[in-house]
Structures are given as structure tokens and as C-alpha cells.
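Accompanying notes for the structure given below.
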There are 2 protein chains.
Amino acid sequence: MSRESKTDLPLDRIVLGDCIESMRALPDKSVDLVFADPPYNLMLDKGTRAGQLRRPDQSVVDGVDDEWDRFGNGTSIAESYAEYDRFTREWLFEARRILKDTGALWVIGSYHNIFRVGTAVQDLGFWMLNDVIWRKANPMPNFRGRRFTNAHETLIWAARNEAQKTYTFNYDALKTMNDDLQMRSDWLLPICGGNERLKGDDGAKAHPTQKPEALLYRIIVGCSHPGDVILDPFFGTGTTGAVAKRLGRHFIGLERDPAYAAVASQRIAAVESGDMAPLSVTKSKREEPRIPFGQVVERGLIQPGTKLFDQRRRWVARVRADGSLVVNDATGSIHRVGAHVQGAPACNGWTFWHFEHQGNLVPIDFYRSRLRAELGASH
Amino acid sequence: MSRESKTDLPLDRIVLGDCIESMRALPDKSVDLVFADPPYNLMLDKGTRAGQLRRPDQSVVDGVDDEWDRFGNGTSIAESYAEYDRFTREWLFEARRILKDTGALWVIGSYHNIFRVGTAVQDLGFWMLNDVIWRKANPMPNFRGRRFTNAHETLIWAARNEAQKTYTFNYDALKTMNDDLQMRSDWLLPICGGNERLKGDDGAKAHPTQKPEALLYRIIVGCSHPGDVILDPFFGTGTTGAVAKRLGRHFIGLERDPAYAAVASQRIAAVESGDMAPLSVTKSKREEPRIPFGQVVERGLIQPGTKLFDQRRRWVARVRADGSLVVNDATGSIHRVGAHVQGAPACNGWTFWHFEHQGNLVPIDFYRSRLRAELGASH
DNA sequence: TGAAGGTGTGAATCAGAGC
DNA sequence: GGCTCTGATTCACACCTTC
């Protein structure tokens, strides 16, 4: 890539319009990194079916129901998948064409779309290097109690093809960022909120799916060099552009909604270029892992049916398969049942309950320490 | 599922042979849970792992020195993917046919195969409920420093189809297991090692990808009931069977390698089947007997004419003899009137309305629990 | 000023039985 | 299958109000 052709690129600009058409106008092998946050095709059908999701307090969840996230015109599920696949393959094909040999692709998604995206990535000849999990520190809970808290999103990192071994990867920079430990494939970061979250004049969020800058920071530091060109085909409110500018990289943003583009433009203008000050949130604090008692049972350290005692053997409880205790009529967590038998408002079940070992009583906290030691390595 | 047909199933046995053929011999809608840890090396090590390869007619390629083990034999990456997809869709199709309506599928994989598996899951009509991340506490580092530590694997949890809302999910049991916090989609567990790791006479590990029992424990406690039938089409060394037995569930294990089956068989024989009582698990309120509010009045726990308040005493309602409430002009059930006064679309009257006791407000749910305890004691 | 408590909200495929 | 009715259900954080 010569210096001349680089200046032909719409560097540090937002190109309005359909992203696939805009990509077709870009030359082969001209960008160093592609970061894409495509629509997830959530298929919520708010208007037609059960209606809006409400929290237990009856407040309405302001979910994604924008037109840009809908594929297949409300026809069948299979057609929606098919149309999403066509769209995905088109933009990924162009992204791969535009990437330099040393470049790489990052895509983010959730279980609604990421499997389809990943299949397309492989089918188009990209070579997967890792999948990376963004663990959300503060996810939205599942209000109906019918599923697990959807507490993560998945990112795919892929090189242009299998033979390409020279993709950019600043291994040591990431290791340093991670307290001199090799960076793992699971990243703990808070969702975007507070001052970082862009809001309109009415106080409503400017974009429903704004990504945290810390996420882009890690990707851009790890997978590009200063002066590189980063393409984001679904620019939205421009998180990629803001972080790229701050880290001294060029960006090209493609966005079809002029309102989003305007917000992004203003946001990026306010960023000081080359301000390399690290984000305060980038380093996740090393906290002692929380160990629920259920994990002690799950791991087989205490079997369901085992009897637990308080220190003076006034009460006996039996452990159930889910880590709950039973004493006479009462059932609940180690803390609840401990509080209940004592008639106390609260109780630390870890120190209150004991198991019997060779005639002696040992607090169940013994096992928590053991699990902490095992799990602690991964903080 | 009648008792007769259930005993027709090869319960608590390992069926040797090709898993797709073995599945074809099982009746429709006969198992409660499928857990699958499918191979993915067939799309990577083509030629060297010929034992797991299949011809286009799905017969197994047996010979190690087969025609596959050559250069330029049309074994492109794309063909390898296509063949893996065919294999995946075949076993998933059978798994879905065999599953009961209330059943669910769990599959585990890594970035090499999970995206293809996930796409197939969706295309076959399964409805994805969550993807779950197994975060490994002690993963193998990336020795060459060219990637992130591959510190997780991905699991997919899916119901039989979109309309199927009655899949088994012991939400409250999992919440209890997690110290009364809703279980998240990221699970931190150590990899299988120590005494749990099965080894041959030579000290070498018996199976390259033995899964930890804790992982299966959580899935089986969360997504099945005691006495249920769990199918594992890639049984390996039988982790699914061992945990199923320990938790009082039946298993059906399919395995093509007699050596693995032998190890699994021996392992499971050594597991002590649990005493059923501790295997019961925290119940959802949905499953508890329904108590109409009228019964609380009928039983004299609350007198007609009693005043009920919301928590902040914004509204006052009077109880009538039939268990309906009156607030000004409105009359109806505890739920209807609660919704009405708030202008909300719905309301759980049991937790919304409170009676006064020594100056304090107590939710009327207090009396429901009491009646439930009475009723529960009678059977 | 600070502590304590209340409120708002985030990519969400979020109910089930009975008639 | 559609309709009606009952009734189950939330975690971490930011921000604001009150004392």
C-alpha cells in the first residue's frame, strides 16, 4: 500500500450511505483492521406478539426495535435467517477484499446472530484466531426467570486467511495491560453508561447499542499500530472513531443514518488526538471470586444429603442438590436457613454451618477457601 | 411417555456404534435432555483422524491409510466445512426428533466448530435460549504468544422450537445454587484434572477432552428432573452418565469407540446412585399449589372488611367476603384492583397488598405461604 | 457534606393454565 | 388454536433526593 493511495481513502471521515455500497468504492487491501458491530436480528416482534417486556415493577424495557435490526419483513424465521445470511456474507466479502494481508477482522454479536456470522466468516475464507467473550459487569437481568442472565457478548477475531501468519498482534502490550499475565479470551468490562453514554437533548440514549470505549481500546491497542487505518462499517455513534483518534489511528466510518453520523461527528471532534492516557476502566480490578455454596456441592466437595451442624450442634441441616439447606420445615440458602433457625435477621452461613470430619466439626468455609485458591488464578 | 415405552429405551446403558444410526433406533419424543460434546477435529485433521471421517453416504471411513491421506485430493477447507455441516445436521436432526416437547438441547464446542453447530441448531428449528460460556479457571496458555489464552468454551442451550415455552428449567434451584442471585451466562469452573481425570494404565489421559463433572452437574440440576432420561450421543468416558446417576437421572450413552465405552462403564459402575430425598431442589412458585385469595378469607386469616394497603400507603382497599377488593369505584380480584389503582397493565396482588400488624405492613403473601405450608405437610 | 435511601435503566429472541 | 384469566419476576450502577 503506497502512501499515495492511502490519501485516496476517506480517512477520518464518516461516509453516509449503505455500507456495502460504500465498501465497494474502497480499494483492495487498503485497511489494517475492520471492526464491525452489525445488527443482531433480534426478532422481537414487539408489535405483533406478547407486547413489551416489563420489569417486575411494571416499567417498560426500552429494547431494540429499530428498523435496521429487522430482516425478512416479518415473514418466517427461516426467511429471516436467510436474508440475514445474505446480508452478512455481502458485507464480510467486501471487508475481506478491503483488508490488507496483515490486517484482521473483529465482529461482535450475541447468540441471536453470532453463530451465523461466525459460519459466514469461516466460509468466506477468514481464519479464526480466537473468539473473545465480553463479560458484562452489569448486565440486564432476565426478568421473567425463564433463562440465564444474558451476561456476555461474543467477539470473533479472524485473519484474512489460513496461510496469513503475519497479522498484527501486540502481544506484549496486552500482557502489560493485564498485569503481566497473558491476556485471556474472556474480558470483564462494564456496559456503556454514565458520562460515556451519549444522550439526546431529551435525555434519551442516542443509540440503543453504544459499545464501551474500553472494549475498542483493547482491540485497537492489541491489533493495530499508530497510523493504521481502521474501518467500521456499522459506525453508529462512532465509538471506533473516538478510540482510534485518541490512540493515533485513522478511521473510516460507514453509517447510513444521518442522525447517528451527526452525533458521531460531534463526539469525535471533541476527542483529543494522541491523548494516550489509559482508560480508567480498562484494567479490571482483581477481586476475590465470589463462591456460592452451590458450587461446593456442584464440585462434589459436599454431597447432597450431607448433614451440617452449627458449632454447638443445636441444629442439623441437610444439604440438597442445589446447595439449599433443609431444617424441619424451612428451606433456603445457607445464610437464610442459618438466620431462620436462630431467629436472627442475618447470618453468615459459611462460618455458621459445619460438616463433620473424623468426629470434629469443620466450618464449610474450609471448602470456600479451597475453591478460591483454585479459581483465584483466573481472577 | 408411558412407563412401557420408557422401558423400551436402553436406559443407563452405553450403546456401541455410530451415534446417528443408534439415534435412528430411538422413538420420537422419548428423552428429556440431550447433552452433546461433538467432535470437531474431523474438519481440522482430515487424513490423520480418518477414523472420524465419513463418506458422502455417511458410512464411516475406517482405514487409517485411506485415500484421504493424500495431498490434493480435493480436501479443501470448504469441503471439510461442508462435510462437517452434513454430519452436524444429521445428528442434530435426530436429536430434535427424539426430544420430548419439554426437553432441551445442550451442545458444547469451541470456536473451531461452535459457530457451525449454532447455525445448524437454528436452521433445524431449535430456538436458542442462551449461549453459556464455560470460563476455565486454569486454561492452557498460548505458548507462541500469537493469540489470546483460549480460556473458555461455548455451550448452546436450545428448546425444541420457538413456540415451546415449557422447557424444563429449575430457575430457583440455580438461583439458590448461586447464593440467591440469578445465574448468569458465564460459568467459572476449573478444567477436569486431579483424581477426576481418568487415566489409562500407562498414566496417559484416557480421553483428550474429558469434561468436568461440575459442568454437567449444573446443566442436569438446572434442566432436568429426577427420573428424567438424558441422552449423550458422544458419550466418551461418560461424564454425563456419571453425573446423571449421581443425581438420580437415567442416561443413554452412545459411543463408537469400545475403549472409551469400557472406561465409561467402569467409571459409572463406581458411582453411588444418590438417595433421592436430597436430590429435590428449590421449587418455583409456579409449581407450588395455587392458593386463591378467597381461601385466605374463607379460612378466617383475614376478615371481610379488613383494610389492605400498598407498601407506601398510597391506596387503601377493603376486603369483601368473597375475597374481592374495593377501592373507591373499583372492585375485583387482588390482582385486578392492584393493577387498576396503579394504572398498570398487570400486578401481582399477593406482593402488592399488605395488611397492618402492630403498625407494620406485611404482604398478604404471608398468609399464602402459611396455607401452602399446611397443604404441603398434608402430602 | 456525607450518608442513606429511592429511582431509573441496559442488544431481551422473557408465561402458562384452562376453557 | 385462540381467548381469557391468573400471577410470577430483577442485578449492578448511576444519579437524585432527603435527612
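Just so we're on the same page: letters track the sequence lines, and every chain starts at 1. Since this is a predicted model, take the numbers as computed values, not measurements.
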For dT1(C), which nucleotide in any strand shown is its Watson-Crick or wobble partner with both distances under 3.5 Å?
none
One thing to verify: whether Glu213(A) and Arg267(A) come together as a salt bridge, which I'm taking to mean a side-chain N less than 4.0 angstrom from a carboxylate O.
yes
Salt-bridge present (Arg116(A), Asp123(B); N to O < 4.0 Å)
yes
So what's dT7(C) paired with, Watson-Crick or G-U wobble, going by both distances under 3.5 Å?
dA14(D)
Does a side-chain N-to-carboxylate-O contact under 4.0 Å join Lys175(B) and Asp172(B)?
no
Of all the choices, dT9(C), dA8(D), dA11(C), which nucleotide is nearest to the side chain of Asp57(A) once you look at every atom?
dT9(C)
Do Phe352(B) and His335(B) pass the side-chain contact (heavy atoms from CB on, under 4.5 Å) test, and can you show the C-alpha distance, the side-chain angles, and the key distance before you say yes or no?
CA-CA 8 Å; Phe352(B) 180 74; His335(B) 315 293; over 6 Å; no
Heavy atoms only, 4.0 Å cut-off, all strands: where does Glu288(B) land among base, sugar-phosphate and nothing?
nothing
Looking at dC15(D), dA11(C), dT6(D), which one has an atom nearest to any side-chain atom of Asn195(A)?
dC15(D)
Choosing from dA8(D), dC14(C), dA11(C), which nucleotide comes nearest the side chain of Asp37(A)?
dA11(C)
Asp66(A) atom CG is separated from dG10(C) atom P, nearest whole Å, by 12 Å
Using a 4.0 Å heavy-atom cut-off, does Ser110(A) contact any base of the nucleic acid, only the sugar-phosphate backbone, or nothing at all?
nothing
Checking all strands, does Pro292(B) fall into the base, sugar-phosphate, or nothing category for heavy-atom contacts under 4.0 angstrom?
nothing
When the C1' atoms of dT7(C) and dA11(C) are considered, how many whole Å apart are they?
23 Å
Any strand: nucleotide that pairs with dC5(D) via Watson-Crick or wobble, under 3.5 Å
dG16(C)
Look at all strands and tell whether Arg286(B) reaches a base, only sugar-phosphate, or nothing, counting heavy atoms closer than 4.0 Å.
sugar-phosphate
Where the side chain of Lys165(B) is concerned, which of dC14(C), dT9(D), dC11(D) is the nearest nucleotide?
dC14(C)
From the list dA12(D), dA11(C), dG10(C), which nucleotide is the closest neighbour of the side chain of Leu181(B)?
dA12(D)
Regarding the side chain of His335(B), the nearest nucleotide among dA8(D), dG7(D), dC11(D) is dG7(D)
Nearest of dT9(D), dC14(C), dA11(C) to any side-chain atom of Leu53(A)?
dC14(C)
Among the nucleotides dT9(D), dA8(D), dA11(C), whichever has the atom closest to the side chain of Arg368(B) is dA8(D)
Name the residue from Leu215(A), Leu231(A), Leu216(A), Asp37(A) that meets the side-chain contact (heavy atoms from CB on, under 4.5 Å) definition with Thr240(A).
Leu216(A)
Same-atom distance (C1') from dT1(C) to dT18(D), integer angstrom
13 Å
Kindly point out which of dT9(D), dG10(C), dA11(C) is positioned nearest to the side chain of Trp68(A)?
dA11(C)
Got a donor-acceptor contact below 3.5 angstrom from the Arg336(B) side chain to the Thr331(B) backbone?
no
dG7(D) OP1/OP2 closer than 4.0 Å to side-chain N/O of Arg290(B)
yes
Can you tell me how far P of dG10(C) sits from NZ of Lys199(A), to the nearest Å?
8 Å
In whole Å, what separates the C1' atom of dG16(C) from that of dG1(D)?
15 Å
side-chain N/O Arg55(A) vs dT10(D) OP1/OP2, d < 4.0 Å
no
Assuming nearest nucleotide by heavy-atom distance, tell me which of Gly145(A) and Gly194(A) is located more 5' along DNA chain D.
Gly145(A)
Measure from the side-chain heavy atoms of Pro141(A) and tell me the nearest of dA12(D), dA12(C), dC11(D).
dC11(D)
Quick one: does NZ or CZ of Arg218(A) land under 6.0 Å from the six-membered ring centre of Trp187(A), within 45 degrees of the ring axis?
yes
Below the 4.0 Å mark, does dT7(C) have OP1 or OP2 next to a side-chain nitrogen or oxygen of Arg312(B)?
yes
Please tell me if Tyr171(B) has a side-chain N or O lying less than 4.0 Å from either OP1 or OP2 of dA15(C).
no
Within the structure shown, what part of the strands sits under 4.0 Å from Arg146(A) by heavy-atom distance: base, sugar-phosphate, or nothing?
sugar-phosphate
Would you say a side-chain N or O of Arg54(A) is under 4.0 Å from OP1 or OP2 of dT9(C)?
no
Is Asn150(A) touching bases, backbone alone, or none of the nucleic acid, heavy atoms closer than 4.0 Å?
sugar-phosphate
Are Lys211(A) and dA11(C) close enough that a side-chain N or O sits under 4.0 Å from OP1 or OP2?
no
